[in-house]
Every structure is written in C-alpha cells, then in structure tokens.
Number of protein chains: 2
Amino acid sequence: MVQIEPGQCFITEGETADAFFNITAGSAKLYKLMADGRRQITGFAFRGHFLGLAVSSTYAFSAEAIEPVRLCRFARARLFRLLADFPALERRLLERAATELVAAQEQMLLLGRKTARERVASFLRAQALAAPCGRPRAMVALPMRRGDIADYLGLTIETVSRTLTRLRAEGIIEIPDQTHVLLRDPARLVRAAEG
Amino acid sequence: MVQIEPGQCFITEGETADAFFNITAGSAKLYKLMADGRRQITGFAFRGHFLGLAVSSTYAFSAEAIEPVRLCRFARARLFRLLADFPALERRLLERAATELVAAQEQMLLLGRKTARERVASFLRAQALAAPCGRPRAMVALPMRRGDIADYLGLTIETVSRTLTRLRAEGIIEIPDQTHVLLRDPARLVRAAEG
DNA sequence: CGTACTCTTGATTTCACTCAATTCAGGTGG
DNA sequence: CCACCTGAATTGAGTGAAATCAAGAGTACG
C-alpha cells in the first residue's frame, strides 16, 4: 500500500513497465506528452481502477495524483502469478479493459467531432454519471484543475472557462466554487452535449 | 465463416451484442455516429482482429466492410464456453484489448492535440508500420476513401486532400494512385508527425 | 461518351486559439 | 484580522488554422 501526494507522478510514459497498480483511494490523471509539451489527458482514474497493464515493455502513458492517492502495487511477475491462481481475476481485467475501450471510443468521438460546448457538456454529464461512486448526482466534484479539463477535452483553459461561464449564464449549471458544478437543468445539458 | 461485401455493415452501434467476430480476411472500418450524422471512425480492422467484445448488452460502435471481409462469427454463449475451455484464449484477448487501449490513447493524443499536418503524417506512418502484415513498408495501401481518413483523423475531406497534396509538393510522399502512397522520405514524415 | 462519383483546388468564414489584462482564492506573515 | 503575495481562473481583443461553400478535374463504368 503506497501513498501518493497531489502532483506526484507514479507512472511515467516510456519507463519500464515493471509493475501494475490498483487505486484504492483518491484520484489521478493519465496523460501522454508530446516533445514540445503538448499534453493529452486520456482519462481520470478513481478508486477501483487498474493501471499499468502494459503489453509492451514500457508504459504508454504517465499517471499523476490529483487528490492524495492510495494504491496497491504489484510487481509484474506477481500479477502473472495472481492471474494463474485466480482465473476470475483475468476475466475481471478483461471486462475492465473492454469497458475502458468503450470509454476511449466515446472520447475519440468527442475529440474528433464535437464542438467546445458539446465537449464541456459531455464532460460534465460523464462526471455526473461515472466518477467515484453510484448513481447520477446533481452536484459534480471537479478535483482536477481547469488545465486538466482542457487537456482532457482537447481545448484550452480559456475555452473551458468561457464555455462553463456560458452554460452558467444560460441557467444550465451553477458554479458554487471552482471545484464544484451543480447541474441545474440536466435535460438541457444532455441536449448541449449532443448538438 | 461469413463473407461481407464492401459498404455492408456487419455490426451496428446500439444493437444487441449477441455475437463476437474474428476477421480472417479483408478490411473494415469501425465507427460511431452522432444524431446529426457526424461520424468518428475509431479504428480500422484487418485480418486477425477480434471485434464485438461488448461488456454492456449492446455494441458501442458500428463496423462496415471496406474491402470484402471474411469473418468467423461466434455466438456470445459459445465465446464464453471457448474461454472456459481454453484459458490461453482469455489471455490472448486480454493482450489484444491492452494493445487496442494503447492505440486508442495514441489516437486521443492525435485528435486532441495534433495539427492537420501532424495527423495525416502520423496516419501514414502508422499505416506503414501496422496494417495487415509485418515490417515497415514504403508503399502504403489506403483501401479506405478520403472521407474515411477524414473521419478517422477528425478532419474534413478537403483538409486531408490539401495536406496530402502539400506533403507531396514537399517531396515527402508520392501518390501513384488514389489508394496508394509511397513514403519517399520517412525521416521527414516522422518529423512532420511530431511537430 | 456520357453519367455519377470521388477527389482536388480555390475563396471565404468561423470557431477556437493566442496574447493580454483583470479578478479571484488560498496562504503567509506582519 | 488584514494586507500582501502567488498561482489559478476569468474575461476581452485580435488572429489563425481548419471548416464551409463552391467549382473544377479525375476515374470508373455502362
């Protein structure tokens, strides 16, 4: 059991993939970098997420804690032993990977074809449905910075900010503080997410 | 063993996911549609690809043949029996899923952060390395239409066409015919792909 | 040789980016 | 407790890369 503080990196793209992680608390961002510093956040990880299932010998992305993260670290060899001993685990990992693949395809649609407004609305909707626990919530926590949201949605900080402001002006959301958004009109949010 | 003709759809987004496919010949495009017709192609599938491993009860994407496709179709129940009987298959699917996840993350970087020129160059590079068989080739086959490339790269047909023209004008590629591109200067192509 | 596509090329527009101030929030120390 | 500092977020003005709109040029096929 390892504790990771906010801003600390616990997986680095390109390094030898010698371990496998299971997040038991906190939140993290997963991202890829280009040589000139451009960044694409490919996802956020919360309690229960598995990370680092690399097929190649190196990690394909970096992972950095947003809120303090607790995680279980398995050496690669130990993972393979676990998989051999508990076939159900392998099935669970396969399901998990398939779920992430579906999410990745949805994100490709967002990045390739949606407008800024649709992206932000889709993001808020997804956060309301998915993140950490159970059923849709009206109050969405955004532990990540605006810059993280921008790099997740393929936008700039300014565009994210402007778009949130506009959604608020239209009465679709409220922004009680920088890390929370209240979904005031979910139906219109869904419409905004789909064009 | 089923034969699918070009333009024919063999998986439809939203329909009940009752089968699982293995492509044994040909090429196909996988895509998601928005209500107003905007399309994002999430990937191309060639010989050896597994498709339709849905966790949810419905398919998350559609699949349509580009060149004539031959495929093996497994009913969902049969797949589960196969997985139970051949644990190695499950391992293989997990590896496959992990590989696709890495590709999806790379594509998210492309869609979210790369310029049109970088996208087209990255695409040509990837086609040279990956598609159907072995090692890097200088002559890249592009069985898909320009519109498919555009919808894969998050661009318009016009931008894809203009960008290819420009790469040709710079002597980086040649375009002997509409379905082939010759990589004349792979080093510069790589540089064009990374900014 | 004409019809129907697809692809390419050109002109113009637009949405999001860039650059540039403010404003706001959270800490620190007087 | 309040002034100050710092980094984050918001807001505004102007620019630019790719989209849209509009022809024109190839290709394939009957």
Side-chain angles (χ1 to χ4, degrees), chain A residues 6-7 29 34 36-41 64 66-67 110-124 140-170 173-181 192 195, chain B residues 5-7 29 34 36-41 64 66-67 110-124 141-170 173-181 192 195:
Chain A
K29 53 193 176 198
M34 292 178 67
D36 59 7
R38 277 177 287 175
R39 183 179 68 156
Q40 179 64 39
I41 291 184
E64 181 185 315
I66 296 173
E67 297 168 302
L110 180 149
L111 292 170
R113 289 294 176 227
K114 291 190 181 181
T115 64
R117 180 187 170 81
E118 289 163 357
R119 293 183 200 199
V120 172
S122 298
F123 172 69
L124 292 176
V140 177
L142 301 178
M144 67 293 286
R145 303 182 179 299
R146 292 290 185 268
D148 294 335
I149 298 175
D151 283 347
Y152 180 56
L153 300 180
L155 300 170
T156 59
I157 292 176
E158 294 94 323
T159 298
V160 170
S161 181
R162 271 186 254 274
T163 305
L164 285 172
T165 300
R166 196 144 61 90
L167 290 174
R168 182 181 55 190
E170 294 173 22
I173 62 171
E174 273 178 42
I175 309 177
D177 70 90
Q178 291 186 349
T179 60
H180 292 88
V181 167
Chain B
E5 293 309 314
K29 54 195 176 196
M34 291 178 67
D36 59 7
R38 278 177 285 175
R39 183 179 68 156
Q40 179 65 39
I41 291 185
E64 181 185 315
I66 296 173
E67 297 168 302
L110 179 149
L111 292 169
R113 289 295 176 228
K114 291 190 182 181
T115 65
R117 180 187 171 81
E118 289 163 357
R119 292 182 201 200
V120 172
S122 298
F123 172 69
L124 293 176
L142 301 178
M144 66 292 287
R145 304 181 178 299
R146 292 290 185 268
D148 294 335
I149 299 176
D151 283 348
Y152 181 56
L153 300 179
L155 300 170
T156 59
I157 292 176
E158 294 94 322
T159 298
V160 170
S161 180
R162 271 187 255 274
T163 306
L164 285 171
T165 300
R166 194 143 61 89
L167 290 174
R168 182 182 53 190
E170 294 173 23
I173 61 172
E174 274 178 40
I175 310 179
D177 71 90
Q178 292 188 349
T179 60
H180 291 89
V181 167

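Proteins come first, then strands; the chains are lettered A, B, ... in the order of their sequence lines, and each starts at number 1.
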Figure out the [atom1]/[atom2] separation between [X] and [N], and round it to whole Å.
X: A:Ile175; N: D:dT10; atom1: CD1; atom2: P; value: 6 Å
X: A:Arg162; N: C:dT22; atom1: CZ; atom2: P; value: 16 Å
X: A:Glu158; N: C:dC19; atom1: CD; atom2: P; value: 10 Å
X: A:Asp177; N: D:dT10; atom1: CG; atom2: C1'; value: 15 Å
X: B:Ile157; N: D:dA22; atom1: CD1; atom2: P; value: 17 Å
X: B:Arg117; N: D:dA17; atom1: CZ; atom2: C1'; value: 14 Å
X: B:Met144; N: C:dC5; atom1: CE; atom2: C1'; value: 19 Å
X: A:Leu164; N: C:dA16; atom1: CG; atom2: P; value: 14 Å

For the side chain of [X], counting heavy atoms from C-beta on, which of [options] is nearest?
X: A:Thr115; options: D:dT11, D:dA9, C:dA16; value: C:dA16
X: A:Gln178; options: D:dA9, C:dA11, D:dA18; value: D:dA9
X: A:Ser161; options: C:dT9, D:dA9, C:dT18; value: D:dA9

Would you call A:Asp151 and B:Arg113 a salt bridge, using N to O less than 4.0 angstrom?
yes
Side-chain N,O ([X]) to OP1/OP2 ([N]) below 4.0 Å:
X: A:Arg146; N: D:dT10; value: yes
X: A:Thr165; N: D:dT11; value: yes
X: A:Thr159; N: C:dC17; value: yes
X: A:Thr156; N: C:dC17; value: yes

Applying salt bridge (charged side-chain N to carboxylate O under 4.0 Å, His left out), name anything that partners A:Arg38, two or more places apart in sequence or on another chain.
A:Asp36, B:Glu118
For B:Leu155 and B:Val120, what are the C-alpha separation, side-chain angles and deciding distance, and is it a side-chain contact (heavy atoms from CB on, under 4.5 Å)?
CA-CA 9 Å; B:Leu155 300 170; B:Val120 172; 4.2 Å; yes
With a non-hydrogen cut-off below 4.0 angstrom, is B:Leu155 in contact with a base, only sugar-phosphate, or nothing?
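Touches sugar-phosphate only.
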So A:Arg145, base contact, sugar-phosphate only, or nothing? Heavy-atom distance under 4.0 Å.
sugar-phosphate
Give a yes or no on whether the backbone of A:Gln178 and the side-chain of A:Arg146 come within a donor-acceptor separation of less than 3.5 Å.
yes
All side chain to side chain contact (heavy atoms under 4.5 Å, CB included) counterparts of B:Arg162, not counting sequence neighbours
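B:Arg162 satisfies side chain to side chain contact (heavy atoms under 4.5 Å, CB included) with B:Glu158 only.
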